[in-house]
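These notes are about the structure you will find just below.
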Amino acid sequence: DYGWLIELKNALHSLGCLLIFDEVYTGVGRTGVMFRATEVIPDILCLGKALGGGMPLSCVAAPAKIMASWPKNLGESLHTGTYFGHALSCLVAQKNLEIMKRDRLASRAHELGKAWLDRYLQHKKKNRLGSVRVYGLMIAIDLQTPSGGVELAQYLRSHNIIAVPCGVNGECLSITPALNIDEELLWHSLVVIGGALERCDR
């Protein structure tokens with residue numbers, strides 16, 4: 001339900017403010033769509049990480065009217081930035097977006113995320129596994145115990161699976177595989193994660 005977000009945008013505009021979406025982490029297919037900024041269009045969209053396909057790159061996108069408020073460069077950068085217009089990174093980003101479109105990687109992330117959740121829930125029927133949130137290939141497992149995500153991440157690392165603990169107390173595990181990950185590798189990682197969670201449940 002995006003109703004609250006529409007209300008937020010209207011409230012901001014009534015105050016002369018802008019709605020900004022930070023999609024540095026969620027953008028470019030990660031959540032099963034190219035951008036979350038589809039149902040409600042923000043005034044400014046911030047992108048990074050996946051946009052560069054591994055190359056350092058970030059982007060601020062907005063209508064020309066908004067971008068015009070940024071004064072012209074008169075010889076020195078008005079705002080510092082590490083990745084200003086790097087030619088190679090921009091070229092890689094262009095190619096990366098072409099591949100995303102050609103291989104339908106956002107749709108693939110959506111489909112694999114649904115399949116991942118279905119398989120995870122099969123494990124959950126047999127065990128009291130942590131709750132899970134899945135948006136495309138942006139997956140979080142809430143272990144509901146402080147440092148549970150930290151301990152699980154360490155265990156997975158010993159099995160050559162990289163996942164990141166998250167949550168205020170490290171109680172969650174964040175799983176964000178490459179959008180072009182081989183399916184067999186994804187299912188193998190799920191088996192290892194499921195086995196680790198079953199051990200925790202005992």
Side-chain angles (χ1 to χ4, degrees), residues 1-12 17-63 66-67 81-83 86 89-90 92-118 120 130-143 149 152-153 156 161-181 183 185-186 189-190 193:
D1 180 15
Y2 290 92
W4 68 273
L5 199 49
I6 295 171
E7 290 181 16
L8 175 61
K9 183 176 181 179
N10 291 337
L12 287 170
C17 302
L18 301 176
L19 178 63
I20 303 173
F21 279 8
D22 177 353
E23 291 218 48
V24 168
Y25 196 43
T26 61
V28 196
R30 168 59 54 194
T31 61
V33 291
M34 278 302 288
F35 309 106
R36 299 304 298 178
T38 51
E39 298 292 334
V40 178
I41 307 299
D43 300 299
I44 299 175
L45 180 65
C46 301
L47 301 171
K49 297 184 185 297
L51 180 65
M55 291 291 287
L57 184 68
S58 59
C59 166
V60 176
I66 292 175
M67 295 305 289
T82 306
Y83 312 132
H86 189 276
S89 291
C90 289
V92 170
Q94 180 181 4
K95 189 65 178 178
N96 182 47
L97 291 173
E98 291 174 5
I99 293 171
M100 288 284 302
K101 183 177 180 180
R102 183 195 70 195
D103 296 347
R104 299 178 62 252
L105 291 182
S107 297
R108 182 177 190 264
H110 174 73
E111 293 159 5
L112 286 180
K114 285 176 60 178
W116 192 98
L117 180 60
D118 288 342
Y120 177 86
S131 62
V132 65
R133 296 181 293 278
V134 178
Y135 294 93
L137 286 177
M138 187 174 192
I139 302 165
I141 300 174
D142 186 350
L143 300 168
L152 182 54
L156 294 176
I161 296 173
I162 299 174
V164 181
C166 58
V168 175
N169 298 305
E171 71 277 13
C172 299
L173 184 75
S174 172
I175 304 165
T176 53
L179 302 189
N180 63 349
I181 187 172
E183 288 191 37
L185 186 58
L186 182 63
S189 68
L190 178 58
I193 291 169

Would you say [X]'s side chain and [Y]'s backbone share a donor-acceptor pair under 3.5 angstrom?
X      : Y      : result
Ser89  : Pro56  : yes
Glu23  : Phe21  : no
Asp103 : Leu105 : no
Asn96  : Ala50  : yes
Arg108 : Leu179 : yes
Arg30  : Leu137 : yes

Review point. Is any side-chain N of the basic residue among Lys95 and Glu98 closer than 4.0 Å to the acidic one's carboxylate O?
Key: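 Looking at Glu98 together with Lys95, the answer is yes, because their closest N to O distance falls below 4.0 Å.
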Review point. Is it true that atom NZ of Lys9 has more than 12 heavy atoms of other residues, nucleotides or ligands lying nearer than 6.0 Å?
Key: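 Counting other residues, nucleotides and ligands, NZ of Lys9 exceeds 12 neighbours.
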Point to revise | Greater than 12 external heavy atoms within 6.0 Å of Leu18's CG | key: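 It does: Leu18 CG has more than 12 such atoms within range.
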Review point. Going by heavy atoms in the side chains, are Leu19 and Val40 under 4.5 Å from each other?
Key: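 Side chain of Leu19 against side chain of Val40, heavy atoms only: contact under 4.5 Å found.
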Point to revise | Taking every non-hydrogen atom, the tightest pair across Ile66 and Asp43 | key: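 Result for this residue pair: CD1-O, 3.5 Å.
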Practice item. Only one of Leu112, Val134, Ile139 passes side-chain contact (heavy atoms from CB on, under 4.5 Å) with Leu117; say which it is. Key: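 Option passing the side-chain contact (heavy atoms from CB on, under 4.5 Å) with Leu117: Val134.
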